[in-house]
Amino acid sequence: MQIGRYIRRTARAAAFVAALGQALEAQDSRPEPQIGRLAEYLKFPRPLTGPERTGIADLARQLTSTTATESDRRQAATTLAFTLVRALGRDSATHSAAVGAIAARAGRGGHRLGPDFRYPSTPTGTLPEVVEIGTGPVSLILIPEFRKNWTIFEPFMKANAGRFRSYAFSLPGYGGTRPYPLPQAADYGARAWLDGVATAVERLIRTRRLTRPILVGALSAGTYVAVTVASRHPELVGGVVSLNGALFDASIGANPTPAERAAAVAQDPDVLLSVLLTREALTGDSAAVLARRPIAARNPVRFYTRDSVGLQKVYGMHLSFRPFLERYYFEWLTADLRGAVAQVRVPVLAIPSSADDGAPQRTSRSVHTQWAHLAALHPAAPIQIAPFEEVRGLTSYDAPAELGDAIAAFAAGRPVPRRMRSAFPGRESPRASVSQSAGPGTIRVTYGRLRGVVATAIPLDSLWNPGADEATTVELSHAMRVAGSVVPAGRYSLIVVPGATRWTFRFHRNADRWGAANDVPGLDAAAVGIEPEQGPRADWLTFEFDNPRPAAVDLVLRVDQLLFRLPIEAP
């Protein structure tokens with residue numbers, strides 16, 4: 001099982017090696033006991049042998065030596081990483097890429113930090129600092145993402161000071177604050193730090209005597225804390241706003257249990273192998289690091305904002321964070337908020353964002369799709385979804401005024417308008433729609449006009465969006481019989497599953513999605529099998545209506561040299 005992209009390759013190895021550096025810098029001549037304690041804390045599957053402890057101690061000395069060459073440190077890091085992988089009983093070759101990343105960074109500087117178990121800390125369940133801006137009648141509590149601090153909300157707080165009284169804070173450990181104490185064991189599934197922040201927010205509401213404030217959570221950590229507080233104490237909260245926050249990490253598998261999710265995070269070697277940061281980054285000397293490492297055009301932090309000042313700030317935050325604070329991230333990986341959100345009794349507003357074409361990568365619409373699936377599964381839940389297009393991950397930087405409008409409408413109980421555009425340069429195709437009456441009802445199909453589709457290149461038994469970009473949608477004003485199956489009135493996304501002889505056309509109740517990915521069972525209103533016909537080659541994928549009758553019509557999809565005919569009639 002693989003959880004990790006590059007940023008996910010941080011956890012036990014970094015904590016392990018960094019703590020050794022602390023012990024050695026403290027002139028501890030016998031770091032082996034510390035190695036044993038860390039191995040137990042980090043839940044290694046077996047005790048380390050005496051030779052393994054000695055070997056790890058020697059390698060740690062090479063990593064932290066001021067006289068070691070870059071080549072020496074790189075070789076020591078490589079050997080140490082493979083030693084830890086073997087101690088886990090895993091195949092070393094499988095993780096050579098992660099080891100290479102560790103070695104490349106290890107050559108550039110000394111290393112210290114990690115769970116030395118003695119650092120100055122903030123009591124769990126409290127906040128080291130809270131910043132208040134604004135005099136408006138509506139109170140907001142702004143909860144940041146990991147690796148960020150409260151200043152990601154500053155543009156929004158200042159732009160909306162007249163209509164909101166905003167309270168913002170940094171997660172303990174970020175922005176120069178002290179982190180929470182490390183738990184007695186590296187049990188990410190217990191979520192001691194994230195739940196500690198949730199408790200701190202509850203205390204903030206009570207001590208400041210706030211009247212049902214709206215909790216605004218940025219990205220994953222902020223959304224987790226906001227939803228947790230609202231689910232535990234709905235009487236304290238007026239609503240929840242999620243800014244581009246995912247409900248769960250989809251890479252761990254198909255609907256794992258909480259125990260399986262926690263085990264996957266704790267046991268995967270990609271989580272074990274951490275990137276070893278340079279001493280400058282560890283000590284927060286971000287200005288010096290920025291001077292040597294300018295923001296490249298493809299730097300991942302460009303995902304967060306287009307604002308140049310904000311981008312420099314976010315870049316500095318990422319360079320100066322301390323590795324063991326990744327605990328917040330790994331705790332989040334063990335969480336699945338779908339059940340909690342479905343049971344929240346206060347209004348919820350999800351604002352997923354889609355980056356503009358200048359971003360290093362087009363934002364996946366997985367966050368939008370997760371929320372749309374949840375809303376479709378629980379139509380009675382008080383969930384609104386208002387996507388913001390051409391806005392990067394930190395909406396508070398790129399659209400502070402429009403975000404203020406959205407939250408103001410939400411606080412007043414009004415529908416929140418979507419910040420969507422019908423076309424922008426990153427779309428694969430223009431949008432098109434066709435409509436036709438059949439008896440008392442109307443049928444409308446909306447889709448992306450995709451050019452040059454090769455039918456034989458569409459994988460069999462896969463989920464396919466018959467169009468481009470957003471899901472192709474079919475809207476029925478009245479119940480209709482489609483290829484013999486009754487489809488209730490409503491708006492559906494059309495998902496096609498190609499087969500060897502028949503293609504399945506599924507009318508999916510979640511029409512608010514991107515493409516056909518992230519399928520959720522139980523949301524099909526109907527599924528019909530259609531045999532393809534041969535026809536003249538169509539350069540553009542096209543939907544059209546054919547053979548109209550007083551109470552019936554055929555919906556025809558043309559793909560390359562294939563033609564699919566779906567007879568529709570009013571029942």
Side-chain angles (χ1 to χ4, degrees), residues 365 420-439 441-478 480-485 487 490-508 510-517 524-570:
R365 270 57 174 199
M420 300 285 282
R421 289 166 170 75
S422 60
F424 62 89
R427 290 194 187 277
E428 293 185 33
S429 65
R431 301 298 287 171
S433 64
V434 292
S435 62
Q436 175 70 47
S437 62
T442 301
I443 309 151
R444 176 179 293 275
V445 180
T446 304
Y447 65 104
R449 295 213 62 196
L450 194 58
R451 187 173 188 177
V453 180
V454 178
T456 55
I458 303 172
L460 296 180
D461 301 319
S462 64
L463 302 179
W464 180 58
N465 175 32
D469 303 320
E470 295 97 329
T472 293
T473 60
V474 178
E475 188 170 1
L476 307 177
S477 64
H478 293 65
M480 298 281 181
R481 190 179 301 276
V482 181
S485 295
V487 181
R491 182 170 172 264
Y492 304 94
S493 61
L494 187 61
I495 300 174
V496 177
V497 182
T501 58
R502 294 171 68 86
W503 292 33
T504 301
F505 285 67
R506 295 169 47 187
F507 291 79
H508 199 268
N510 179 11
D512 194 13
R513 61 191 292 162
W514 191 267
D524 285 347
V528 299
I530 305 293
E531 294 184 4
E533 306 173 22
Q534 292 292 319
R537 185 180 183 282
D539 187 35
W540 290 85
L541 179 148
T542 303
F543 282 92
E544 59 190 40
F545 289 101
D546 187 29
N547 191 24
R549 287 92 72 195
V553 70
D554 292 344
L555 174 62
V556 175
L557 167 62
R558 297 183 183 275
V559 183
D560 195 8
Q561 297 183 13
L562 299 182
L563 179 151
F564 299 88
R565 186 178 299 273
L566 284 74
I568 302 177
E569 58 181 332

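Owing to the predicted nature of the structure, the values given are computational and were not obtained by experimental measurement.
By the side chain to side chain contact (heavy atoms under 4.5 Å, CB included) test, L460 is found to be paired with P498, residues two or more places apart in sequence or in another chain being considered. Not counting sequence neighbours, R481 has no partner by the side chain to side chain donor-acceptor pair (under 3.5 Å) test. For F505, the ring-ring contact (aromatic ring centres under 6.0 Å, His included) test picks out F564, with sequence neighbours left out. Contacts of E544 classified as salt bridge (Lys or Arg N to Asp or Glu O under 4.0 Å), with partners at least two apart in sequence or in another chain: R558. Remark: Y447 pairs with F543 by the ring-ring contact (aromatic ring centres under 6.0 Å, His included) rule, at least two apart or across chains. Checked against side chain to side chain donor-acceptor pair (under 3.5 Å), T472 has the following partners two or more places apart in sequence or in another chain: N465. Annotation: side chain to side chain donor-acceptor pair (under 3.5 Å) contacts of E533 (sequence neighbours excluded): none. Checked against side chain to side chain contact (heavy atoms under 4.5 Å, CB included), S433 has the following partners two or more places apart in sequence or in another chain: R444, T446. Every residue meeting the salt bridge (Lys or Arg N to Asp or Glu O under 4.0 Å) condition with D560, not counting sequence neighbours, appears here in chain and number order: R537. Considering only residues two or more places apart in sequence or on other chains, T504 meets the side chain to side chain contact (heavy atoms under 4.5 Å, CB included) condition with V497, R506, A527.
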Quiz prompt | CA sep, side-chain torsions, deciding dist, call: L541, L557, side chain to side chain contact (heavy atoms under 4.5 Å, CB included) | solution = CA-CA 7 Å; L541 179 148; L557 167 62; 4.0 Å; yes
Quiz prompt | Pair I458-V453, side chain to side chain contact (heavy atoms under 4.5 Å, CB included): steps then yes or no | solution = CA-CA 9 Å; I458 303 172; V453 180; 4.1 Å; yes
Exercise. Run the numbers on T473 and H508 for side chain to side chain contact (heavy atoms under 4.5 Å, CB included), then give the verdict.
Key: CA-CA 9 Å; T473 60; H508 199 268; over 6 Å; no
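Not a single donor-acceptor pair under 3.5 Å links the side chain of R451 to the backbone N or O of R449. A distance-only check finds no donor-acceptor pair linking the side chain of S485 to the backbone of V528 [under 3.5 Å].
M480 and G441 get closest at one heavy-atom pair: CE-CA, 3.6 Å. Nearest heavy atom pair, residue G439 against residue A570, reads CA-CB, 4.4 Å.
For the pair F507 and L476, the minimum side-chain heavy-atom distance is 4.5 Å or more. The side-chain heavy atoms of V445 and L555, taken from C-beta on, include a pair separated by under 4.5 Å. When side chains are defined from C-beta on, V559 does not count as touching P466, because their heavy atoms never get closer than 4.5 Å. Inter-residue side-chain proximity for F545 and D554 is flagged as unmet; no heavy-atom pair is nearer than 4.5 Å.
Applying the salt bridge (Lys or Arg N to Asp or Glu O under 4.0 Å) definition to pairs two or more places apart or across chains, none involves residues 452-465. Residue pairs satisfying the salt bridge (Lys or Arg N to Asp or Glu O under 4.0 Å) criterion with at least one member in residues 490-503, sequence neighbours excluded, are listed as follows: R502-E531.
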